[in-house]
> 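First the structure, then my questions, so here it is.
Owing to the predicted nature of the structure, the values given are computational and were not obtained by experimental measurement.
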Amino acid sequence: MDNKKSLVLIDAYSQIYRAFYAIRMLTNSRGEPVNAAFVFTKFLLQLEKNHPSAYGAMLFDCGKVPFRLELNPEYKANRPPMPDSLKQQIPLIKEIAGAFGWEQLQCEGFEADDLIGGMALKYQDFSVEIVSSDKDLSQLIDERISMLIPGSSGGFEVRDAAAVKAKFGVAPDMMIDYLALLGDASDNIPGVPGIGPKRAVEILDILGAASSWLDDPARIEAVGTVAKKLLPELDTIRRNRELIRLRTTLPESFDKALPPVRRAPDWKRITGICQDNQFKSILKELPPIEENVLAQPVSQEEFCDDLFAFAAAQNSVKTSVKEPEEIQGELF
């Protein structure tokens, strides 16, 4: 890919929560929690090495959006508050993101997914890579737009249209209908009772897009037993489709001729952050700089050789959650 014409959009809180739950119980010399900041730094370094881009941004949620709460007052009501130990790391994480050259954007009344969708669709001359594991974003994928799914080993799985079909059983343009039938437990969106992933795929294979049968009960009745499940839940399906469909009309402040330009990483600043927080394994991966950022090196007696080594010694637990949105909590 020509990185001069590529646009990378990061679903910020998806990756922040993923980083937080990847390893636990890490603190720096001041006793401050740094587990999420450490993993997030590793993530940005891998992204810089493997998917460089001249354009890109990190998109943040800005609270729950009113129009979705009007559709479902219980939308995302099941999410617990952000853990205090993660909340303490948000300023450091944002500092790290800035040092890597990422513009950080949010807008009242828009979720990060909506802003990602709007930017991905607006800049038609750019190939777009969306860094997230949020299955809702799969609705955007086409020949120009793909997703990068961070892996446990530090790499990225590319999710294109073929990968969506292989994973979910439907094409990207059917993902809204597929999720409307299933619901989404992580967002507190109930689906149609008795319909799981296989049955949802079967229904869409037989009936086609929901827009062609939601207002045609006779067509649903013609397919037999599935009508007993669908007919009482048509309003639920309609509501779910509107909840899941991304709001891709960008706010005026985002509607610009070109997407945000990436700044080059400030390696000196990144080195200083890593030294200050004892991210020693990351320091080994950074480009050399002319001078040591810290006036005095960290004492070798006071700290372990590396925070990951400390984590291993403490038997830190890694999560087995497949999708980051399943472990997110409240954002504020």
> Does any N or O in the side chain of Q278 come within less than 3.5 Å of the main-chain N or O of S29, such that one atom is a donor and the other an acceptor?
yes
> Whether the side chain of R159 engages the backbone of S138 through a donor-acceptor N/O pair (distance < 3.5 Å, no angle test) should be reported.
no
> Does any non-hydrogen side-chain atom of L243 lie less than 4.5 Å from one of D187?
no
> Is there side-chain contact between M58 and K94, with at least one heavy-atom pair below 4.5 Å?
no
> For E252, does the CD atom have more than 12 heavy-atom neighbours from other residues, nucleotides or ligands under 6.0 Å away?
no
> Judged by atom type as modelled, is there a donor-acceptor pair below 3.5 Å linking the side chain of Q89 to the main-chain atoms of N35?
yes
> When M147 is tested against each of I141, D11, V128 for side chain to side chain contact (heavy atoms under 4.5 Å, CB included), which residue passes?
I141
> Check this for me: does any side-chain nitrogen of one of K76 and D184 sit under 4.0 Å from a carboxylate oxygen of the other?
no
> Taking the six-membered ring of Y178 as reference, does the cationic atom of K135 (NZ for Lys, CZ for Arg) lie under 6.0 Å from its centre and within 45° of its axis?
no
> Could you tell me whether the side chain of L47 reaches within less than 4.5 Å of the side chain of F156, counting heavy atoms only?
yes
> Under the ring-ring contact (aromatic ring centres under 6.0 Å, His included) definition, can you give me all pairs with a residue in residues 122-151, not counting sequence neighbours?
Y55-F126
> In Å, rounded to the nearest 0.5 Å, how long is the span from CE of M119 to CG of L105?
6.0 Å
> Do I270 and I282 have side chains that get closer than 4.5 Å, going by heavy atoms?
no
> Step by step, work out the side-chain contact (heavy atoms from CB on, under 4.5 Å) result for D255 and T249.
CA-CA 9 Å; D255 195 9; T249 300; over 6 Å; no
> Take L246 and L137 through the test side-chain contact (heavy atoms from CB on, under 4.5 Å) and record every step on the way to the result.
CA-CA 8 Å; L246 298 179; L137 289 165; 4.0 Å; yes
> Kindly determine whether F100 and W267 satisfy side-chain contact (heavy atoms from CB on, under 4.5 Å), including the steps that lead there.
CA-CA 8 Å; F100 271 92; W267 296 114; 4.1 Å; yes
> Quick one, V131 and H51 - any side-chain contact, counting heavy atoms below 4.5 Å?
no
> Could you state the interatomic distance from CD1 (I206) to CD1 (I220), rounded to the nearest 0.5 Å?
12.0 Å
> Please check if atom NZ in K49 has more than 12 non-hydrogen atoms from other residues, nucleotides or ligands closer than 6.0 Å.
yes
> Strictly distance-based, threshold 3.5 Å: is any side-chain N or O of E285 a donor or acceptor partner for the main-chain N or O of L45?
no
> Using modelled atom types and a 3.5 Å cut-off, is there a donor and acceptor pairing between side-chain atoms of R263 and backbone atoms of E103?
no
> Mind checking the CD-OH spacing from Q15 to Y13? Nearest 0.5 Å is all I need.
13.5 Å
> Under a 4.0 Å threshold between the charged nitrogen and the carboxylate oxygen, would D276 count as salt-bridged to R30?
yes
> For D142 and D173: C-alpha separation, side-chain torsions, deciding distance, then whether side-chain contact (heavy atoms from CB on, under 4.5 Å) applies.
CA-CA 9 Å; D142 58 19; D173 61 0; over 6 Å; no
> Judged by atom type as modelled, is there a donor-acceptor pair below 3.5 Å linking the side chain of E48 to the main-chain atoms of P265?
no
> Between L234 and W213, is any pair of side-chain heavy atoms under 4.5 Å apart?
yes
> Measuring only between side-chain heavy atoms, which start at C-beta, is L115 closer than 4.5 Å to L9?
no
> Quick one: does N240's side chain have a donor or acceptor within less than 3.5 Å of a partner on I189's backbone?
no
> Kindly say whether the aromatic ring centers of F20 and Y17 come within a distance under 6.0 Å.
no
> Give, for atom CD of Q139 and atom CG of D177, the distance between the pair rounded to the nearest 0.5 Å.
10.0 Å
> Applying side-chain hydrogen bond (donor to acceptor under 3.5 Å, both in side chains) between E111 and each of Q106, R247, R68, report the one that passes.
R68
> Is a side-chain N or O of R219 found less than 3.5 angstrom from the main chain of S212, in a donor-acceptor match?
yes
> So I96 and F43, do their side chains get closer than 4.5 Å, heavy atoms only?
no
> Give a yes-or-no answer on whether the side chains of N277 and E32 include a donor-acceptor pair shorter than 3.5 Å.
no
> Under a 3.5 Å cutoff, is there a donor and acceptor pairing between the side chains of S85 and R24?
no
> Applying the side chain to side chain contact (heavy atoms under 4.5 Å, CB included) criterion to I10, which one of I130, L44, I16 satisfies it?
L44
> Charged N to carboxylate O under 4.0 angstrom, R239 versus E242?
no
